[in-house]
Chemist: 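Mind looking over this structure? Questions follow.
Residue indices begin at 1 and follow the sequence shown.
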Amino acid sequence: MKLFNKLSLLSAIALSQAFTAHVAIAQADDFPNKSVNYIIPFPPGGPTDVAGRVMAEALGKELKQTVVVENKSGASGSIGMNQLIRSKGDGYTIASLAAPSLTAPFILAQAPYDLKTDIKPIGLAYITPLVIVVNPKTHPEIKDMKSLIEAAKQNKEGLNYTTSGVGSTAHLAVEMIRKELNIDMTHIPFRGSAPGVTALLGGEVAFMYSDLVAVLTQIKAGNLRPIAVNTDQRIEELPDTPTLKEENIQAAKASSWGGLVAPKDTPDSTIQVLSNALKVVLENEDVKSRLKAVGAYPNYSDPKTMQETIAHDSAIWSSVIKENNLRQTN
């Protein structure tokens with residue numbers, strides 16, 4: 001009788017495990033069966049927001065569900081990223097990961113999260129060149145890197161510049177350039193690229209180092225003048241703009257990229273569904289055209305490659321932040 005009861009118990013456990021596994025598979029097969037919340041940790045109108053909304057619309061069509069965009073900006077993207085981290089890991093909450101969120105753990109006084117353990121990558125989505133732009137109306141004398149450097153040297157306090165925020169790839173890159181050229185520059189940060197562009201157009205700062213996606217429209221309109229890009233070769237959209245390499249500036253050839261992430265406990269099967277959808281979306285000619293039109297170049301990489309990229313870039317930027325004493329103290 002005891003043997004029978006023991007066997008019955010084991011059978012019940014086995015049946016329970018099989019049922020649980022069946023339910024998990026069914027849930028994975030059924031994903032998604034409702035709308036997906038897409039957190040963009042930056043203000044509306046910025047580069048991550050513009051590219052993110054293009055992808056959100058396309059992902060919605062591919063997943064056959066509505067993808068709802070929610071801007072949650074502040075603290076170098078860490079407010080939105082923390083909202084993602086606290087969300088249920090069921091695939092129904094995803095977020096954009098871009099440079100400021102990547103560097104936040106190293107530049108903020110208190111590390112808000114650890115990207116090695118707190119999130120799961122879905123995939124890299126695009127890369128975007130960085131470009132130095134000036135306002136030709138307020139600084140007509142700055143037409144290239146040589147005249148920008150000369151203007152900085154003539155100004156006793158150096159030149160004011162802006163980027164998408166403290167700890168952004170652009171901010172760290174300018175610090176590397178400043179150090180290489182031994183010139184003074186003062187960073188005037190804003191909460192995202194869009195207000196930085198507004199400040200540049202209003203003459204509040206002398207120049208901006210920005211993701212191309214944030215300034216391309218103003219460049220095409222003639223409101224901003226591009227003077228250098230960080231790519232190895234000149235880019236199609238700005239064929240007359242030299243590279244930093246052409247200007248004999250070796251520092252700051254850093255790439256800026258964007259990708260998608262999910263909460264850490266999201267099932268691998270769900271991550272794969274989302275990653276496959278992202279890959280398909282980025283192969284769509286209309287999506288590629290719309291992203292390139294705003295300066296974001298589709299460049300899909302799978303979750304494993306994205307995790308390796310996060311680790312690689314984190315090591316580089318944490319070193320730059322430490323060497324230049326850029327970590328906040330409070």
Chemist: Looking at K146 and E150, does any basic side-chain N land under 4.0 Å from a carboxylate oxygen?
Modeler: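 No, K146 and E150 are not salt-bridged.
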Chemist: Taking the side chain as everything from C-beta on, heavy atoms only, tell me whether I119 gets closer than 4.5 Å to P263.
Modeler: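 No, every pair of side-chain atoms sits at 4.5 Å or beyond.
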Chemist: Look up atom OH in Y126 and atom OG in S301, then write down how far apart they are to the nearest 0.5 Å.
Modeler: 13.5 Å
Chemist: Counting C-beta onward and ignoring hydrogens, is there a side-chain heavy-atom pair between T266 and D90 closer than 4.5 Å?
Modeler: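 They are not in contact (no side-chain heavy atoms under 4.5 Å apart), so the answer is no.
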Chemist: With sequence neighbours left out, what residues match E285 under side-chain hydrogen bond (donor to acceptor under 3.5 Å, both in side chains)?
Modeler: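 Residues passing side-chain hydrogen bond (donor to acceptor under 3.5 Å, both in side chains) with E285: K288.
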Chemist: Looking at CD1 of I177 and CG of L244, how far apart are the two atoms once the value is rounded to the nearest 0.5 Å?
Modeler: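 Answer rounded to 0.5 Å: 5.0 Å.
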Chemist: Using a 3.5 Å distance criterion without hydrogens, assess whether the side chain of T93 forms a donor-acceptor pair with backbone atoms of G89.
Modeler: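 Such a contact is absent between T93 side chain and G89 backbone.
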Chemist: Output a table of donor-acceptor pairs, distance under 3.5 Å, between side-chain atoms of residues 292-300 and any protein atom two or more places apart or on a different chain; print 'none' if there are none.
Modeler:
{"residue": "Y297", "atom": "OH", "partner": "E237", "partner atom": "OE1", "Å": "2.2"}
{"residue": "Y297", "atom": "OH", "partner": "E237", "partner atom": "OE2", "Å": "3.4"}
{"residue": "Y300", "atom": "OH", "partner": "S275", "partner atom": "OG", "Å": "2.7"}

Chemist: Taking the side chain as everything from C-beta on, heavy atoms only, tell me whether E62 gets closer than 4.5 Å to M55.
Modeler: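 With C-beta onward as the side chain, the pair stays apart.
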Chemist: Within this structure, what is the CG-NZ distance for the pair D184 and K153, rounded to the nearest 0.5 Å?
Modeler: 11.0 Å
Chemist: Could you state whether V54 and V68 fall into the same hydrophobic cluster, counting links through intermediate Ile, Leu, Val, Met, Phe, Trp or Tyr residues with side-chain heavy atoms under 4.5 angstrom apart?
Modeler: no
Chemist: The test is side-chain contact (heavy atoms from CB on, under 4.5 Å); show your working for L278 and L282 and say whether it passes.
Modeler: CA-CA 6 Å; L278 178 64; L282 294 174; 3.9 Å; yes
Chemist: Could you state whether Y38 and I79 fall into the same hydrophobic cluster, counting links through intermediate Ile, Leu, Val, Met, Phe, Trp or Tyr residues with side-chain heavy atoms under 4.5 angstrom apart?
Modeler: no
Chemist: Quick one: which of D211, T169, T128 gives a side-chain hydrogen bond (donor to acceptor under 3.5 Å, both in side chains) with S256?
Modeler: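 Exactly one pass, corresponding to D211.
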Chemist: Treating Y92 as the side-chain partner and F31 as the backbone partner, does any N or O pair qualify as donor plus acceptor under 3.5 Å?
Modeler: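 Side chain of Y92 to backbone of F31, a donor-acceptor pair under 3.5 Å: no, none is there.
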Chemist: Side-chain atoms of residues 97-108: list all donor-acceptor pairs with protein atoms under 3.5 Å, sequence neighbours left out, distances to 0.1 Å.
Modeler:
{"residue": "T103", "atom": "OG1", "partner": "A99", "partner atom": "O", "Å": "3.3"}
{"residue": "T103", "atom": "OG1", "partner": "P100", "partner atom": "O", "Å": "3.3"}
{"residue": "T103", "atom": "OG1", "partner": "G167", "partner atom": "O", "Å": "2.2"}

Chemist: Is E175 salt-bridged to R178, going by a charged N under 4.0 Å from an acidic O?
Modeler: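 Yes.
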Chemist: Quick one: do V134 and L224 satisfy side-chain contact (heavy atoms from CB on, under 4.5 Å)? Show the steps, please.
Modeler: CA-CA 6 Å; V134 298; L224 294 178; over 6 Å; no
Chemist: Can you find a heavy atom in the side chain of E247 that is under 4.5 Å from one in the side chain of P242?
Modeler: yes
Chemist: Examine distances only and state if a side-chain atom of N71 and a backbone atom of F42 form a donor-acceptor pair shorter than 3.5 Å.
Modeler: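 Such a contact is found between N71 side chain and F42 backbone.
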Chemist: Compare all side-chain heavy atoms of T186 with those of L159 and state whether any distance is below 4.5 angstrom.
Modeler: no
Chemist: Give a yes or no on whether the backbone of L212 and the side-chain of S210 come within a donor-acceptor separation of less than 3.5 Å.
Modeler: no
Chemist: Enumerate the ring-ring contact (aromatic ring centres under 6.0 Å, His included) contacts for residues 152-182, please, sequence neighbours excluded, ordered by first and then second residue.
Modeler: Y161-H187, Y161-F207, H171-H187
Chemist: Per the salt bridge (Lys or Arg N to Asp or Glu O under 4.0 Å) rule, what does the pair list look like for residues 268-283, sequence neighbours excluded?
Modeler: K120-D268, K279-E283
Chemist: Is it the case that the side chain of T231 and the backbone of Q233 share a donor-acceptor pair, with hydrogens and angles ignored and the cut-off at 3.5 Å?
Modeler: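 Such a contact is found between T231 side chain and Q233 backbone.
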Chemist: Taking all atoms of both residues into account, what is the closest heavy-atom pair of G80 and P41, and its distance?
Modeler: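 The pair with the smallest heavy-atom distance is CA-CB, 4.0 Å.
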Chemist: With distance as the sole test, does R225 use its side chain to make a donor-acceptor pair with the main-chain N or O of P136 at under 3.5 Å?
Modeler: no
Chemist: What are the two closest non-hydrogen atoms of M208 and S193, and how far apart are they?
Modeler: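 Shortest heavy-atom separation between M208 and S193 comes out as CE-O, 3.6 Å.
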Chemist: Within a 6.0 Å radius of atom CG on N182, are there more than 12 heavy atoms belonging to other residues, nucleotides or ligands?
Modeler: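 Counting other residues, nucleotides and ligands, CG of N182 stays at 12 neighbours or fewer.
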Chemist: Could you list the residues that satisfy salt bridge (charged side-chain N to carboxylate O under 4.0 Å, His left out) with E70, not counting sequence neighbours?
Modeler: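 Counting only residues at least two positions away or on another chain, E70 forms no salt bridge (charged side-chain N to carboxylate O under 4.0 Å, His left out).
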Chemist: For T138 and G203, which heavy atoms make the closest approach, and how far apart are they?
Modeler: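 That would be CG2-CA, 3.8 Å.
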Chemist: With a 4.5 Å cut-off on side-chain heavy atoms, are R234 and P239 touching?
Modeler: no
Chemist: Which value, rounded to the nearest 0.5 Å, describes the distance between S73 atom OG and I39 atom CD1?
Modeler: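 S73 atom OG to I39 atom CD1 measures 12.5 Å (nearest 0.5 Å).
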Chemist: Look only at the side chain of E323 and the backbone of V320, and say whether a donor-acceptor pair between them is shorter than 3.5 Å.
Modeler: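 No: the side chain of E323 does not pair with the backbone of V320.
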Chemist: Locate the shortest heavy-atom distance separating V36 from G91; write the atom from each residue and the value.
Modeler: CG1-O, 3.9 Å
Chemist: Is there a continuous path of hydrophobic side-chain contacts, each under 4.5 Å between heavy atoms, that joins V280 to M306?
Modeler: no
Chemist: Please report the closest heavy-atom contact between I227 and L148, naming both atoms and the distance.
Modeler: CD1-CD1, 3.5 Å
Chemist: Within the 4.5 Å heavy-atom criterion, are I122 and I94 side-chain neighbours or not?
Modeler: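 Counting from C-beta outward, I122 and I94 do come under 4.5 Å.
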Chemist: Would you check, one step at a time, whether the test salt bridge (charged side-chain N to carboxylate O under 4.0 Å, His left out) holds for K116 with D114?
Modeler: CA-CA 5 Å; K116 295 191 298 292; D114 186 342; 3.3 Å; yes
Chemist: Could you tell me the separation between the CG atom of N248 and the CG atom of L181, rounded to the nearest 0.5 Å?
Modeler: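 Interatomic distance, N248 CG to L181 CG, rounded to 0.5 Å: 10.5 Å.
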Chemist: How about I85 and N82: do any of their side-chain heavy atoms sit closer than 4.5 Å?
Modeler: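 Counting from C-beta outward, I85 and N82 do come under 4.5 Å.
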Chemist: Do side-chain atoms of T162 reach the backbone of I188 as a donor and acceptor pair under 3.5 angstrom?
Modeler: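 Yes; judged by distance alone, with no hydrogens or angles, the pair exists.
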Chemist: Rounded to the nearest 0.5 Å, what separates atom CD in E246 from atom OG1 in T241?
Modeler: 10.0 Å
Chemist: Determine the minimum heavy-atom distance between V261 and M81, stating which atoms define it.
Modeler: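 The answer is CG2-SD, 4.1 Å.
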Chemist: Run the side-chain contact (heavy atoms from CB on, under 4.5 Å) check on L238 and I219 step by step: do they pass?
Modeler: CA-CA 9 Å; L238 304 175; I219 290 174; 3.8 Å; yes
Chemist: Are R53 and E57 close enough for a salt bridge, meaning some N to O gap below 4.0 Å?
Modeler: no
Chemist: Does the S147 side chain pair with the main chain of K143, one donor and one acceptor, at a distance under 3.5 Å?
Modeler: yes
Chemist: Start with the C-alpha distance between F190 and E204, add both sets of side-chain angles, then the distance that settles side-chain contact (heavy atoms from CB on, under 4.5 Å), and finish with yes or no.
Modeler: CA-CA 12 Å; F190 291 90; E204 296 178 45; 4.0 Å; yes
Chemist: Ignoring hydrogens and geometry, is there a side-chain-to-backbone donor-acceptor pair from N276 to Q272 under 3.5 Å?
Modeler: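 Such a contact is found between N276 side chain and Q272 backbone.
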